[in-house]
Protein chains: 2
Amino acid sequence: MSTPRIRQPSMRDVARASGVSYQTVSRVINDQERVHPETRARVLAAVDALGYHPNSAARALVTGRGSTVAVVASNTSLYGYARTLEGIEDAAFAAGYTVNITVLRSPDQSDRADAVERLLSQPLAGLIAFTHDDLARSAVEDVPSRMPAVTVFGTGAGGRAHILLDEEGGARAAIRHLLDLGHRTIHHAGVPPLLPSGRLLGWRATLEEAGVPRPEPIPVTWEPRSGYEVGSAIARQHDITAVFAGNDDIATGIVRALIDSGRDVPGDVSVIGFDDTPLAAYTRPSLTTVSQDFVELGRRAFDLLHGLIEQDDQPAGPTVLPTHLVTRESTGPPRR
Amino acid sequence: MSTPRIRQPSMRDVARASGVSYQTVSRVINDQERVHPETRARVLAAVDALGYHPNSAARALVTGRGSTVAVVASNTSLYGYARTLEGIEDAAFAAGYTVNITVLRSPDQSDRADAVERLLSQPLAGLIAFTHDDLARSAVEDVPSRMPAVTVFGTGAGGRAHILLDEEGGARAAIRHLLDLGHRTIHHAGVPPLLPSGRLLGWRATLEEAGVPRPEPIPVTWEPRSGYEVGSAIARQHDITAVFAGNDDIATGIVRALIDSGRDVPGDVSVIGFDDTPLAAYTRPSLTTVSQDFVELGRRAFDLLHGLIEQDDQPAGPTVLPTHLVTRESTGPPRR
DNA sequence: CTGAAAGCGCTAACAA
DNA sequence: TTGTTAGCGCTTTCAG
């Protein structure tokens with residue numbers, strides 16, 4: 001039926017081939033000092049000749065710790081998450097770790113338990129969770145605290161090391177920009193979070209500080225289509241002159257709807273995005289948006305975890321990475 | 001310094017707690033039949049009480065096979081790749097597998113060897129490689145043939161099971177659409193592949209069959225910015241009336257450059273994209289493009305691998321998934 | 001500097 | 001139906 005399993009060469013094979021004991025091979029493989037250079041050379045030659053690869057399962061079994069970090073997220077293909085993942089993978093690879101992904105697709109309790117179960121059965125070194133929504137957040141809480149973990153995005157969870165982008169600062173800058181332009185208030189089309197997001201908080205706080213009306217947030221999903229639907233509705237309310245969208249995709253949908261409805265952007269309505277995706281500079285109009293370095297976020301998240309794994313140095317507070325406003329064509333002063 | 005490692009409960013602990021031998025526990029865990037229901041219940045209770053998780057490293061060590069599939073790619077954040085990854089993860093999770101990602105970032109020989117080395121040291125069940133470029137392609141060739149593997153995109157490699165999207169068919173439909181509209185020829189702005197891509201082949205063949213001039217492909221990168229640069233150049237060549245872009249991002253960059261240069265799309269120049277990203281329907285003009293189901297591609301790729309792992313059934317030929325043209329605003333008849 | 005022995009947690013024979 | 005015995009490939013004492 002299936003091919004008889006062919007054994008990969010083991011340390012014993014290498015030992016036999018180079019005429020030493022397999023413990024000596026282990027020392028060579030693990031770069032320990034106390035090996036005669038000549039012996040080392042002989043062993044290395046045998047390793048090469050046999051095409052030997054250390055077996056990380058066996059190693060994990062005896063050391064009790066793997067060299068894999070798991071990334072837990074509810075989505076890995078949206079721009080920001082995909083790029084963050086890329087950053088994690090980059091830093092992890094450089095540090096000799098391997099990256100595992102687990103997508104939490106349903107809020108279903110048993111589904112989540114299953115995922116966590118599976119996570120923990122692997123020989124993990126640590127775990128990075130995207131806690132922008134409640135899925136990963138509750139998963140983190142199911143993970144025993146002895147497992148090193150860092151949370152990325154949102155509010156964190158379980159008292160874990162936490163790193164995030166300064167979404168609140170970005171939102172503040174965005175709203176201030178619009179206010180400075182002369183808009184009386186700014187509407188917000190955002191994905192309803194269970195816990196208020198930095199974007200929401202920054203928006204709300206800035207309006208409040210300016211003493212201007214604070215309209216109800218308009219709920220959307222992350223799809224451009226959803227932005228389009230909201231945009232069509234906004235087009236009918238001529239008192240709305242500025243919209244702060246949850247991300248660039250939503251903003252693009254809104255812009256398109258507005259223009260399809262005969263309204264001008266930014267002439268009639270200013271629209272601001274979030275994320276600064278590669279496309280944001282090339283849509284028409286190009287988007288004023290908040291730029292975030294997701295790749296750096298991912299790298300730093302891994303570094304944080306790495307510190308936890310190696311020295312158990314728990315950072316005092318959350319790490320906040322800067323964001324900045326990029327002004328483009330989609331915002332302007334309101335029509336007088 | 002670092003916390004003393006706390007042992008997770010092992011089978012022995014469960015055995016002790018439930019008053020059976022640990023092999024019986026093994027039977028229960030692995031859902032084998034020959035266990036007294038009562039014993040089973042007792043064991044399960046102990047599992048629950050202790051919070052026992054099977055150790056997959058130990059299991060992999062003895063069975064010689066892991067339950068992890070590795071995905072090897074040169075990029076995981078571009079829309080198509082990110083979505084394909086999502087499809088793989090989805091199917092893998094459903095089948096009880098875990099997904100590992102390895103990004104091949106440099107064509108450097110030793111770098112690649114390092115990555116493959118690391119891959120093979122894990123207890124893998126199999127491997128999925130994105131062979132759209134030469135990086136993953138040569139990595140696959142470094143992997144011993146005993147390891148089940150499937151290649152996705154491009155031309156495949158190493159005689160492995162291969163699944164891809166019908167990019168050639170998509171390109172043909174796109175070019176035919178443009179030709180039918182009355183364009184005399186169609187230029188192609190594509191990312192130069194080492195081996196001709198389906199997009200390139202479909203474009204070239206369709207032009208050839210139509211007996212129209214076949215201009216040199218215009219090299220770009222996957223960035224919208226690159227599309228913009230190419231678009232600026234195209235804007236100066238008033239004999240170009242139709243451009244087939246390598247993907248939607250490039251198309252968007254081209255469109256923007258064209259319009260910035262005072263040319264109309266599709267009035268002066270028709271632009272066609274590829275991928276049908278969520279945004280393609282909402283840019284201005286919206287993009288005529290070729291739609292591809294990346295998530296399905298990912299799922300099917302995993303299924304293929306799964307078949308290889310479980311029954312070693314090597315498919316006869318490559319699996320080709322359909323693509324289809326979506327006509328929107330960015331294409332139209334040439335000005336007479 | 002090198003070798004011998006033990007055992008990580010598990011599955012797969014085989015025995016009872 | 002359950003228990004016994006090996007041993008997967010490796011690192012870690014501890015001897016030499």
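Predicted model only: the values in this text are computed from it and were never measured. Protein chains get the first letters and strands the later ones, always in sequence-line order, with residue 1 at the start of each.
Inter-residue side-chain proximity for Y97(B) and I309(B) is flagged as met; some heavy-atom pair is nearer than 4.5 Å. You'll find the side chain of W222(A) reaches within 4.5 Å of the side chain of L78(A), heavy atoms only. Looking at T39(A) and T24(A), their side chains come closer than 4.5 Å, going by heavy atoms from C-beta outward.
Between T63(A) and dT11(D) there is no side-chain N or O to OP1 or OP2 distance below 4.0 Å. The shortest distance between the side-chain N/O atoms of N30(A) and the OP1/OP2 oxygens of dT11(D) is below 4.0 Å.
Each of R42(A) and S56(B) was assigned the nucleotide of DNA chain C with the nearest heavy atom; the assignment lying further toward the 5' end belongs to R42(A).
Under the salt bridge (Lys or Arg N to Asp or Glu O under 4.0 Å) criterion, the residue pairs touching residues 115-130 of chain A are D114(A)-R118(A), with sequence neighbours excluded. Contacts classified as ring pair (Phe, Tyr, Trp, His ring centres under 6.0 Å) and involving residues 104-128 of chain A (residues at least two apart or in different chains) are not found. Applying the salt bridge (Lys or Arg N to Asp or Glu O under 4.0 Å) test to pairs two or more places apart or on separate chains, those with a residue in residues 123-134 of chain A are D134(A)-R137(A).
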Name the pairs: protein N/O against N/O of nucleotides 3-6 of chain C, kept only if under 3.5 Å.
unit_1	atom_1	unit_2	atom_2	d
dG3(C)	OP2	S21(A)	N	3.0
dG3(C)	OP2	S21(A)	OG	3.1
dG3(C)	OP2	T24(A)	OG1	2.8
dG3(C)	N7	R27(A)	NH2	3.4
dG3(C)	O6	R27(A)	NH2	2.4
dA4(C)	N7	Q23(A)	NE2	3.2
dA5(C)	N6	Q23(A)	NE2	2.8
dA6(C)	N6	Y22(A)	OH	3.3

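Residue R59(A) contributes atom CZ, which lies 16 Å from atom C1' of dC8(D) at whole-angstrom precision. R65(B) places its CZ atom 15 Å from the P atom of dT11(C), with the value rounded to the nearest Å. Spacing between atom CG of L61(A) and atom C1' of dC10(C) amounts to 8 Å, rounded to whole angstrom units. To the nearest angstrom, P of dG3(D) lies 14 Å from CE of M11(B). As rounded to whole Å, 14 Å separates atom C1' of dC10(D) from atom CG of N55(B). Going from atom CG of D13(A) over to atom P of dG9(D) covers 8 Å, rounded to whole Å.
Taking the centre of each ring, Y81(B) and F294(B) stay at or above the 6.0 Å mark.
Rounded to 10 degrees, the angle separating the terminal helix axes of the helix from dC1(C)-dG16(D) to dA16(C)-dT1(D), each built from five base pairs, is 40°.
Partners of E89(A) under the side-chain hydrogen bond (donor to acceptor under 3.5 Å, both in side chains) rule, at least two apart in sequence or in another chain, are R105(B).
T39(A) comes within 4.0 angstrom of the backbone, heavy atoms only, and of no base.
Salt bridge status for E296(B) with R300(B): present, with a side-chain N to carboxylate O gap under 4.0 Å.
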